[in-house]
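Each chain gets a letter, A, B and so on, in the order its sequence line appears, and its residues count up from 1. Scope of the values below: all heavy atoms of this structure, side chains included, with no hydrogens, waters or symmetry mates. Model, not experiment: these values are computed from the prediction.
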Amino acid sequence: MQDSDILPYRPADIEPGWQKSWLDSGMYEIDNDDPRETRYVLSMYPYPSGPAHIGHVRNYTFGDLLVRYHTMHGRGVLSPIGFDSFGLPAENAAIKHGEHPRPFTDARIEELSASLRSIGAVYDWRRVVKSHDPDYIKWSQWIFLRFYEAGLAYRAYAPVNWCPGCKTVLANEQVVDGLCERSDDVVEKRNLDQWFYKITDYAQELLDDLDDLDWPARVKTMQRNWIGRSEGAEFGLPVANPDGTPNTDAAPLQVFTTRPDTGFGMTFAVMAPEHDRVDEFTTAEQQADVDAFRVSVKALSEIDRMSTEGEITKRGVFTGGSVINPFTGKAIPVFLADYVLTTYGTGAIMAVPGQDQRDWDFAKAYDLDIVRTVEPTEGFDGEAFTGDGPAINSEWLNGLGVTEAKAKTMDWLVEQGLGEATIKFRLRDWLLGRQRFWGAPLPMVKCEACGFVPVPDDQLPILLPDDVEFRPSGESPLTYHEGFLNTTCPKCGGPAQRETDTMDTFVDSSWYFLRMADAFNDEAPFSHEALEKFLPVDQYIGGVEHAILHLMYARFFMKALADLEIAPKTLREPMRRLFTQGMVRMGGGKMSKSKGNTVAPEAIVAAHGADALRLAILQVKPPAEDVDWEDFQLDGCERFLHRVWRLAIPGTDLFTDVRSGAPDAADNDIAKATHVLIERITNEYERWAYNNAVAGFMEFTNTVYKYVQTPEGPHAETLHFAVDTMLKLMAPAVPHITAELWRHRHGDDAPQIHLERWPIADPEMLIVSEVTMIVQVNGKVRDRIEVPAEISDADAEALALASAEAQGYLTGAPKKVIVRAPKLVNIVA
RNA sequence: GUCGGAGUGGUGGAAUUGGCAGACACGCUAGCUUGAGGGGCUAGUGCUCGAAAGGGCGUGGGGGUUCAAGUCCCCCCUCCGACACCA
């Protein structure tokens, strides 16, 4: 191809200009009364940790491609961006430098915004939501107060992570391998008074509604497991006197089981060490042992628990007390064991060693009876048998399978007045208070006389003070800031103190996408109209690390807001479709700032251009998979863009050495290939097969290169249609080079390529008249024959049998011929 | 341990419905661009036997269903991820 002095492709010369024009023209801004059909495309708003790293870039490239793709379809795309700007790293930096987190955070947001713009990502920047914005804080607090009024926010005691060094509660994420992330102190469990959101009210709905979401199956599975619904029976074990007779004065010990059918095999009962009735069962002679055990469990740090990974040592102690197995009428001993948790079920279990491995291990360790109640399958050589089989040693259940036995037992428990069928969830209420500074203050006031009193709406927002001093200890400055702390009770007017807990940052991320739909509203967090127009999010994009917490909390918020009629009543799910992209690894490990193995996009953009980086991201792997930075093919992608440039830039021989007049057969093939490309790329984009789309561009480019080098030369209209169409199809992926080439090809006055309509393939041009038919003998390919696409089965068979190639492998008459015209004929010899 | 996902050339990957395995790219090899080049163009490139023509083998391993299996079924191995004593 000619190398005359055409305008060279220099990304650095063209990219900043286009980025500025997209920003200045407001072409990706959308108003709430926009008449177009809408799409809401959202990438999870990032934590602003400074300039973007390559993982961000991957995420935002996918989102940007979709925004541009839908825009070219004539849709009004809501493409907002925001920043999850509260949280620990900024606070830690503040403690370290003795500086307020706000300027630090604002600077990081500026850096991140600049990197997003430098890769050509387009947003409606007017709608930016920042968690630490006073306006956003106000509405987060306002929503908390509505939840509080509705009983969805409450205060209760809960075991929490306590760092003795920092004298503060830690979020689970702040506990790393049992140590405080900041001070490396061993974290303890403490029971403290805490704020909760009552997400468990929605456990069943959160589970049920998963069915209708267009989300990755694994995310749905993870959420189902996290919610952890189990059906079973809750019933009472009568307390036994020392002589084994029932003590009718004491309330029965409540237990929960999913296997009520195994009741006859219950040979002991186990309570959690923290169970509040432990003392009642403990006899004088066992008191010392029980106390010692409880102390040891309490002292059991996260570290000790981790160290038992793999083989679990069963630790427990006998209380001296006993209960009656209501099935057999016999007294059985009551133990404490650390494998029974207060936080699940009733905090006490009936132990059936024959049918539960943990109970089996415990029974072996403490030399307790084991009674099988389900006949193990033939040849079973394990210990506890958890499978199905006929009941044994179970009187009136004998012979029944597990399902029938469960049902019969359930009826019996109800009849006897012992208990009932129940459903338990693993899901816990959401502990939302954090003893940290850099978060939205909980809008509550503590009054000696009135208790906790909500801050009235007209006093919102409660903002963080500016004049704070960060002590190296890590305690929240709110706890010793007199100006913030002291206030008057909104109810009685007496002296009172503000709540110093701030909200978990997951509260901020639970509704930011709603605010983005109505970011300018100063009457309410959002209007029903705005949500009805834009919500649910049509495509949400983010990392799978948020599969459980963020996405569960956001779903809970949506349902609660709808029930409180803050949001439209029928809007019960926030994200219609979810895509979880894989992460970018480096040196086989996760890329993270703390490891120092991040790749800054700035250097890549400077060296290869934003388009080459975007193309490399799309090309390297299917978006859902993890990718190693080492596998990126930046050079190859950049080379390809140069190739496209040379093909499309005016001034080459291609613009002069072209044929006019009627197209010939070869030209028609190119025209057809162009229509096939439209069909292919549209399909690849729709199904997130961006790597295949890039392959499609490359194949087509190769085809066109061959075409222009034929002796006849290219046909003017055919060539220009092919190139223009490919540029349009590539525009969402590589927006700068396509915009620039379009401008050169169509002039400065023509609308830019991103305002062009998405091409539609002509069905006539997609019709294939001739195909290659495969002729197989015994499943092996022996010949290929060009045949008309509409060939009949009989003709295909005749052609295949006549094939000399195939005949060479046939000794006699074929046993069987399978015909799949026009693609394949298989002759079975 | 439980639940998910994955294993295809030297490398990243493709194969949407059971129907040509390896598209596209990286890398490598050769030729051309009368020279150099981290440039451009063209051709070749799964393994193996063979001088060639041509043959055989081939999608982690083993078995099965089928005219036909990367794709479906059973067993096993390895890697990755999530939850991890949830009664």
Pairwise C1' distance for B/U34 and B/G44, with rounding to whole Å
25 Å

Which one is paired to B/A53, where only Watson-Crick or G-U wobble pairs with both distances under 3.5 angstrom count?
none

Distance check, C1' atoms only: B/U16 and B/U71, in whole angstrom units.
12 Å

Would you kindly check whether a donor in the side chain of A/Arg218 faces an acceptor in the base of B/G5, or vice versa, at under 3.5 angstrom?
no

Which class fits the ring pair A/Tyr553 and A/Trp430: parallel under 30°, tilted 30 to 60°, perpendicular over 60°?
parallel

I'd like to know if A/Arg585 pairs up with A/Asp628 as an ion pair, taking the criterion as any Lys NZ or Arg NE/NH1/NH2 lying under 4.0 Å from an Asp or Glu carboxylate oxygen.
yes

Above 12 or not: heavy atoms from other molecules or residues under 6.0 Å from NZ of A/Lys823?
no

Determine the interatomic distance between C1' on B/G60 and the same-named atom on B/C80; round to the nearest Å.
15 Å

Kindly indicate whether the side chain of A/Asn683 and the base of B/U16 share any N or O donor-acceptor pair separated by less than 3.5 Å?
yes

Give one of base, sugar-phosphate or nothing for A/Arg782, where a contact means two heavy atoms less than 4.0 Å apart.
sugar-phosphate

How far does the P atom of B/C86 sit from the matching atom of B/C3, given to the nearest Å?
13 Å

Can you tell me, in whole Å, how much space there is between the C1' of B/A14 and that of B/G9?
13 Å

Using the C1' atom in both, what is the distance from B/C76 to B/A82, to the nearest Å?
24 Å

Could you tell me the Watson-Crick or G-U partner of B/A84, where both distances fall under 3.5 Å? Say none if there is no partner.
none

Is A/Arg372 close enough and on-axis enough to A/Phe385, meaning under 6.0 Å and within 45°, for cation-pi?
no

Who is the Watson-Crick or G-U wobble partner of B/G39, with both distances under 3.5 Å?
B/U33

Check whether NZ of the Lys or CZ of the Arg A/Arg426 lies under 6.0 Å from the centre of the six-membered ring of A/Trp226 and within 45 degrees of that ring's axis.
yes

Base-pairing mate for B/U66 - Watson-Crick or G-U, with both contacts under 3.5 Å:
none

Identify, between A/Val781 and A/Thr257, the residue whose nearest nucleotide on RNA chain B lies closer to the 5' end.
A/Val781

Opposite nucleotide pairing with B/U78, Watson-Crick or G-U, both atom distances under 3.5 Å:
B/A6

Taking the C1' atom in each of B/U17 and B/A68, what is the distance between them to the nearest angstrom?
15 Å

Quantified in whole Å, what is the C1' atom distance between nucleotide B/C75 and nucleotide B/G22?
28 Å

Watson-Crick or G-U counterpart of B/U11, or none if no pair lies under 3.5 Å:
B/A25

Take A/Met350 and A/Val694, find for each the nucleotide of RNA chain B with the closest heavy atom, and name the residue whose nucleotide sits nearer the 5' end.
A/Val694

